[in-house]
Structures are given as C-alpha cells and as structure tokens.
Amino acid sequence: MYTHKTPLKSYLPIRSRTLYKGIIGGETDHYTYENNEWWQLYRDDKSIAHEYVGEYSTDLYSKEARTIIANHNADKPMFMYLAFQAAHVPLQAPDSYIDMYSHITDPDRRVYAAMVTCMDDAIGSVVEQLKQSGLWNNTVLVVSTDNGGPHASGNNWPLKGAKATLWEGGVRGVGFVTSPLLDNRVRGSSNHQLIHVTDWLPTFVSLAGGDSNEIKSMDLYGVDQWNTISKNQPSMRDDVLINLVPESLMNKAKTKDRWTENEYFDVGIKAAVRVGDWKLLTGHQGPAIWFAAPESDHDTVYESDNRIVRLYNLAEDPTESNNLADSRTDKVLQCLKKLGEYLPTVLPVLNEPSINQDEAELLMPNHILAPWDLAAYKKIALLKLG
C-alpha cells in the first residue's frame with residue numbers, strides 16, 4: 001500500500017491488529033525506495049528502506065503477503081489490501097521481464113508491459129500461497145486498477161483521455177473478481193454494471209458477515225454490490241458522482257453556454273456525474289484526446305470541441321465521441337439536478353501546510369521521510385522567524 005503525499009501522523013494507516021508495509025510517499029524508486037534522496041519505505045511506523053535496497057518492489061510486497069498468509073491462523077478471518085507500486089512511475093522492471101517485450105520498440109511501453117507482467121506473476125504467487133495454506137476455498141480475490149493508464153506508457157484506446165482526466169479513459173476502471181464462492185453461472189462472464197470504488201467497503205463487510213444495520217448507520221456513499229458481482233443482478237446504484245472540484249480550488253470556466261442560466265448547478269464548475277447510462281461533464285475538462293498506442297495502427301485524435309457542457313450516452317457511445325447536450329436537454333437537466341444535490345455535501349480538501357526542502361531538512365535531517373505534525377511545523381516557523 002502506498003500514498004502519494006506524506007501524511008500527518010494521524011493519517012497513517014497504522015491501527016491495532018493491523019500490519020503495514022509500504023511507502024508513505026509517491027513516485028518512489030522500485031529498487032532503492034527513495035525519491036529525490038528521501039527514504040520512504042516503512043513497516044508499521046519504522047523506516048526500513050535501507051534493509052531492502054536492491055529488491056524490486058513487486059517482489060518485496062508479494063513476499064510479504066505470502067509470509068503473512070503462511071503464518072495466518074486459517075480459523076480466523078483476514079482482510080489483506082495489497083497495493084503494488086507497479087505499474088506506477090518510475091518505470092522500472094527486472095531485465096528478465098523487459099526482455100520478454102523486445103518486440104515493443106517504444107521504451108516506456110516496453111518497461112510498462114514488463115512491470116504489469118511481473119505484477120501478474122506476483123498475484124499468481126499470492127494465490128498459490130492461499131491454496132497451500134488452505135485458505136483459497138474461502139477467499140474472494142479482487143484485482144482492480146485505481147484509474148486509467150497514463151498516456152505515455154499505458155493505453156486506454158478506444159476510450160478518450162487518460163489518468164488524471166474525467167474522461168472514460170481516466171475513470172473507467174478494469175478489474176476482475178475470482179473465488180470458489182462464485183456461482184458457476186457468473187464464472188468467466190463480463191459484468192458491466194455500475195460500481196463505484198466506495199462500494200467495496202460495504203460489499204466486503206457484508207460478504208464477511210458484518211452487521212448490515214451498522215453499515216447503514218454509517219451513512220456511507222458506497223452500497224453492498226455482492227449480488228451484482230456474484231449473481232450479475234442489477235447494480236444497487238443508479239448514479240455516481242465522478243468528481244466535483246471544491247470551489248476554493250477551481251478556476252471556474254467563464255465561457256458562456258446555453259446552460260449557464262439553469263436552476264440546478266453552475267456549469268462553470270469542473271464536475272462529472274453519471275446517471276444510469278448518461279454521463280455529464282461541466283466546466284473546463286482540459287484536452288480531449290484519444291491516445292493511440294505507439295505500436296498500434298491507430299492515430300492519436302484531438303477533439304476541437306471545447307464546450308463546457310457535454311453529455312454522452314455511454315451505453316451507445318463509450319468513447320465519448322458524440323456530445324448530445326443540445327438534443328437531449330431532458331438528460332442534461334436530470335444530471336445537472338443530481339450535481340446540484342451533491343454540491344452541498346462536498347467537503348473541503350484537507351490541505352495541511354506544506355513544507356519546503358529547508359524545513360524538511362530541519363524536521364528529518366537523516367533524510368528518512370516521516371509524517372510531520374502541526375506542532376513540529378509551528379516550531380519550524382518560530383525558528384525561521386527567530
């Protein structure tokens with residue numbers, strides 16, 4: 001597991017009866033576990049980066065997972081979250097895997113393919129350990145991406161966009177669920193029901209026999225989707241808020257649109273919502289590009305449409321090629337109303353004060369990246385003022 005930003009101590013994923021091993025920063029070297037000379041690998045609350053220099057991250061995490069499984073009491077339940085650094089930048093992989101893809105001429109694509117294949121083998125080794133430990137027959141394994149691929153190394157063709165965009169190439173995740181507990185009728189099938197990342201928590205709790213009333217009392221956005229997954233029943237949700245940028249952080253679009261004057265939602269705000277098969281995007285979304293893989297016969301396509309209200313029927317148009325905002329005003333209004341309902345519930349982003357290089361040197365002179373707190377930050381401020 002890893003996070004992209006150095007957290008405050010209170011945000012660390014360290015809890016009682018919880019084991020943690022991973023990085024606490026982003027874009028960490030897969031062999032040295034440092035970024036810009038800052039060590040980032042931890043076990044629980046202890047820095048261990050120096051112990052594993054030279055060991056590839058995917059092998060490191062899968063080995064840790066297999067050890068935990070091998071030592072686990074099979075009579076007790078277990079939840080394991082195994083989030084590989086791969087296939088995140090920096091693009092690095094063992095030579096033996098890179099050599100498998102010598103036919104790919106683009107160097108980034110070649111290493112990216114190697115990283116994914118190495119991760120695939122690592123997941124396979126974890127499954128094998130579950131079987132050896134007698135846990136597999138009562139296990140549900142979920143493998144999922146967290147977002148679309150980056151355009152420089154990954155590829156989302158024929159979907160529009162890439163990681164960090166609200167186009168389908170950025171937000172439509174792929175994954176699979178496998179388990180001996182699945183009904184034979186759904187094994188090997190494809191499921192295109194609407195599921196959101198927040199649905200995993202209530203789904204797992206329900207699957208593990210948790211108290212459904214307690215889950216309901218938590219007022220979660222997520223819903224239990226186990227019947228949708230295991231029996232291909234209709235999704236338990238009809239809409240998903242894809243993103244709604246808090247007003248304090250946005251550069252609101254000044255462009256006028258026929259929808260500028262509506263009673264539900266300010267279309268200058270960058271947002272995206274899906275209601276049934278319909279997806280609405282508002283505000284400036286940035287470049288709309290269909291990125292072609294270097295080894296493909298396709299050409300990268302750039303869209304010239306820069307309107308701030310876009311509506312797509314994803315069932316018929318998953319590539320978001322045909323903006324129907326002018327012809328399906330009923331659906332635009334339906335989606336704008338939904339965004340308006342979500343707007344009051346948006347929470348402010350937790351932007352704690354950042355620290356610069358000199359302040360970091362004072363807080364962490366040994367270059368071991370560590371969580372910092374407001375008290376330490378205030379001491380630094382006093383030192384600077386003094």
Side-chain angles (χ1 to χ4, degrees), residues 1-15 17-69 79-94 97 108 111-112 114-123 125-126 142-147 149-150 152-154 163-164 173 197 200 349-352 354-357 359-361 363-373 376-377:
M1 174 180 179
Y2 71 89
T3 57
H4 283 289
K5 186 175 182 179
T6 308
L8 299 181
K9 288 184 178 180
S10 58
Y11 300 159
L12 273 180
I14 309 300
R15 302 289 184 271
R17 301 187 303 278
T18 298
L19 300 174
Y20 173 83
K21 184 176 185 179
I23 58 175
I24 63 169
E27 300 186 8
T28 304
D29 189 284
H30 292 272
Y31 286 100
T32 66
Y33 304 101
E34 60 180 343
N35 184 348
N36 292 324
E37 300 182 354
W38 289 91
W39 304 91
Q40 300 191 5
L41 183 65
Y42 272 72
R43 174 179 280 115
D44 297 332
D45 59 351
K46 303 297 182 183
S47 173
I48 57 172
H50 294 78
E51 301 175 30
Y52 294 99
V53 172
E55 186 169 357
Y56 187 56
S57 67
T58 299
D59 296 332
L60 177 69
Y61 298 136
S62 60
K63 182 191 299 183
E64 183 79 4
R66 293 195 302 271
T67 299
I68 292 171
I69 293 168
F79 172 77
M80 176 178 287
Y81 176 54
L82 176 56
F84 292 99
Q85 282 178 241
H88 200 282
V89 293
L91 299 179
Q92 298 168 302
Y97 284 93
D108 287 346
V111 178
Y112 191 84
M115 295 175 78
V116 172
T117 301
C118 183
M119 181 174 61
D120 186 48
D121 286 347
I123 294 170
S125 73
V126 172
V142 177
V143 178
S144 177
T145 183
D146 56 351
N147 46 247
S153 51
K163 176 180 178 177
V197 63
W200 288 122
V349 174
L350 291 175
N351 270 337
E352 301 291 355
S354 60
I355 57 177
N356 59 35
Q357 181 74 15
E359 293 168 339
E361 294 281 357
L363 272 176
M364 300 165 279
N366 54 8
H367 271 233
I368 295 176
L369 190 66
W372 50 275
D373 54 36
Y377 184 81

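As the structure is a computational prediction, the values presented were derived from the model and not from experiment. Below, all heavy atoms of this structure are taken into account, side chains as well, without hydrogens, waters or symmetry copies.
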Next on the checklist: Donor-acceptor pair, distance only, cut-off 3.5 Å: does the side chain of D29 make one with the backbone of T32?
Outcome noted: yes
Checklist outcome for this item: CG of N35 to OG1 of T28, rounded to nearest 0.5 Å, is 5.5 Å
Checklist entry - Side chains of Y42 and I48: closer than 4.5 Å at any heavy-atom pair? => result no
Item to check | side chain to side chain contact (heavy atoms under 4.5 Å, CB included) between Y61 and I23, worked out | outcome: CA-CA 11 Å; Y61 298 136; I23 58 175; 3.7 Å; yes
Checklist entry - Can you list the residues that meet the side chain to side chain contact (heavy atoms under 4.5 Å, CB included) rule with V89, with sequence neighbours excluded? => result E27, L91
Would you list the atom pairs, donor with acceptor, under 3.5 Å between side chains in residues 114-123 and any protein atom, with sequence neighbours excluded?
residue: T117; atom: OG1; partner: Y101; partner atom: OH; Å: 2.5
residue: T117; atom: OG1; partner: A113; partner atom: O; Å: 2.9
residue: D121; atom: OD2; partner: Y97; partner atom: OH; Å: 2.7

Checklist outcome for this item: For E34, the side-chain hydrogen bond (donor to acceptor under 3.5 Å, both in side chains) test, sequence neighbours excluded, returns none
Next on the checklist: Tell me every residue that passes ring pair (Phe, Tyr, Trp, His ring centres under 6.0 Å) with Y56, counting only those two or more places apart in sequence or in another chain.
Outcome noted: H30, Y31
Checklist entry - Where do W38 and M364 come nearest, in terms of heavy atoms and distance? => result CZ3-O, 3.4 Å
Checklist entry - Would you say the side chain of L60 lies within less than 4.5 Å of the side chain of L41, judging by non-hydrogen atoms? => result yes
Checklist entry - Out of curiosity, E51 CD to K46 NZ, how far, rounded to the nearest 0.5 Å? => result 12.0 Å
Next on the checklist: Just verifying a value: how many Å separate K21 NZ and L82 CG, rounded to the nearest 0.5 Å?
Outcome noted: 11.5 Å
Next on the checklist: Less than 4.5 Å apart, side chain to side chain, heavy atoms only: is that true for L369 and Y33?
Outcome noted: no
Item to check | Backbone of Y20 reached by a side-chain donor or acceptor of D44 within 3.5 Å | outcome: yes
Next on the checklist: Using the salt bridge (charged side-chain N to carboxylate O under 4.0 Å, His left out) criterion, which residues pair with E55? Sequence neighbours excluded.
Outcome noted: K63
Checklist outcome for this item: Closest non-hydrogen contact found for S153 with Y112 is OG-CD1, 3.4 Å
Item to check | Test side chain to side chain contact (heavy atoms under 4.5 Å, CB included) applied to S125 - qualifying residues, sequence neighbours left out | outcome: S62, R66
Next on the checklist: Any heavy-atom pair between the side chains of W39 and H50 that's under 4.5 Å?
Outcome noted: yes
